[in-house]
Protein chains: 2
Amino acid sequence: MDGVAVQRETVALPGPCSRIPVENADIVRQILDRVGDKWTLMVIATLRGGVMRYTDLLRAIPGISQRMLSRTLAQLHHDGLITRTAYAEVPPRVEYALAPLGDSLNDIVVSLIDWAITHHDEIRQHRARFDTAGEH
Amino acid sequence: MDGVAVQRETVALPGPCSRIPVENADIVRQILDRVGDKWTLMVIATLRGGVMRYTDLLRAIPGISQRMLSRTLAQLHHDGLITRTAYAEVPPRVEYALAPLGDSLNDIVVSLIDWAITHHDEIRQHRARFDTAGEH
DNA sequence: CCGCATCCGGCGTGATACTG
DNA sequence: CAGTATCACGCCGGATGCGG
């Protein structure tokens, strides 16, 4: 029902793309489904500190459950963003680290963390003002 | 199996934090709870195109439901990331646009989109290889 | 007519307990 | 220590309805 001619050539890789073509929106959505959920970015951000073990991550990321950590790590490993090294020892030891692909997200994650820390007060204030204002 | 552990030291990167202190982890998590869910970044990314109406966003973001769009928009407005302008007309018209706070996310969003477009093939290949390899 | 709140069904999520 | 199995809850999505 759209009937619009789609510009297929608009890839716009060099520099900031000014607009998202409809077909890229789908790609972006798929990726954001992976890296854009709450825990994935937290795990990647935490792994910036270096090689980490399962329980280290569990402690380093407040609020995450074992289930979601396992799931997230498996998915990140599955997508090639992190490496998983299991040592057949007793006690068992599994180390996780950023793979090159995950490392390429590093700058973005840092920026996002930066943004979060910089603006979270502003957001809180905005939200508070909103609450007091429109409490009807 | 893999068996190769990646040597990775704590590299200082541009920005205040090269590592995430535990206390900041909580802040980051809170922000990522807001901004890191599937739809929020998609909405922000889509709004980069300029002022948009509700149904425009609905069409521009494939897969989103009316419910989630309303919710996401309300939250973004609530947090001060976007502006909402309702015109008391017939037919009614509601326009959404990025507020300065949301606009400050622009660069990050663009980077993320760029990353998504650049690496989604790589991720797919990794995933496919993983599937064929360890189908156990 | 558009925007969006509400109601219900399904699934993902989270806490606990258990296994290797 | 690392991860899975189980179950109950809550959130997501689709349809409906109403207000402006």
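Keep in mind that this is a model prediction, so the values were computed, not measured.
Atom CZ of R124(B) is surrounded by 12 or fewer heavy atoms from other residues, nucleotides or ligands within 6.0 Å.
OP1 or OP2 of dA2(D) lies within a sub-4.0 Å distance of a side-chain N or O belonging to R53(A). Proximity of S70(A) to the phosphate of dA2(D): no side-chain N or O atom is located under 4.0 Å from OP1 or OP2. Distances shorter than 4.0 Å separate some side-chain N or O of R84(A) from OP1 or OP2 on dG3(D). Distances shorter than 4.0 Å separate none of the side-chain N or O atoms of R67(B) from OP1 or OP2 on dA5(C).
Atom P of nucleotide dG3(D) and atom CG of L73(A) are separated by 7 Å, given to the nearest angstrom. Atom P of nucleotide dA2(D) and atom CD of E89(A) are separated by 11 Å, given to the nearest angstrom. Atom CD1 of I64(A) is separated from atom C1' of dT16(C) by 17 Å (rounded to the nearest Å). Rounding to whole angstrom units, OH of residue Y87(B) and P of dG3(C) are separated by 13 Å. The CD1-P distance, from I61(A) to dG14(C), rounds to 12 Å in whole Å. Atom P of nucleotide dG14(D) and atom CG of L58(B) are separated by 10 Å, given to the nearest angstrom. To the nearest angstrom, P of dT6(C) lies 17 Å from CG of L69(B). Atom-to-atom, CD of E95(A) to P of dG3(D) comes out at 12 Å; the value is rounded to the nearest Å.
No donor-acceptor contact under 3.5 angstrom links the side chains of Q75(B) and H78(B), judged on distance only.
Map R71(B) and Q66(B) each onto its nearest nucleotide of DNA chain D; the residue landing nearer the 5' end is R71(B). Sequence order on DNA chain C of the closest nucleotides to W39(A) and P91(B) puts P91(B) first from the 5' end.
In the set dG3(D), dC12(D), dA5(C), the nucleotide with an atom closest to the side chain of M68(B) is dC12(D).
R67(B) pairs by the salt bridge (charged side-chain N to carboxylate O under 4.0 Å, His left out) definition with nothing, not counting sequence neighbours.
Using a 4.0 Å heavy-atom distance criterion, Y96(B) is classed as a sugar-phosphate-only contact.
Looking at Y54(B), its side chain never comes within 3.5 Å of a backbone N or O of R93(B) through a donor-acceptor pair.
Checked against a 6.0 Å centroid threshold, the rings of F130(B) and H77(A) count as neighbours.
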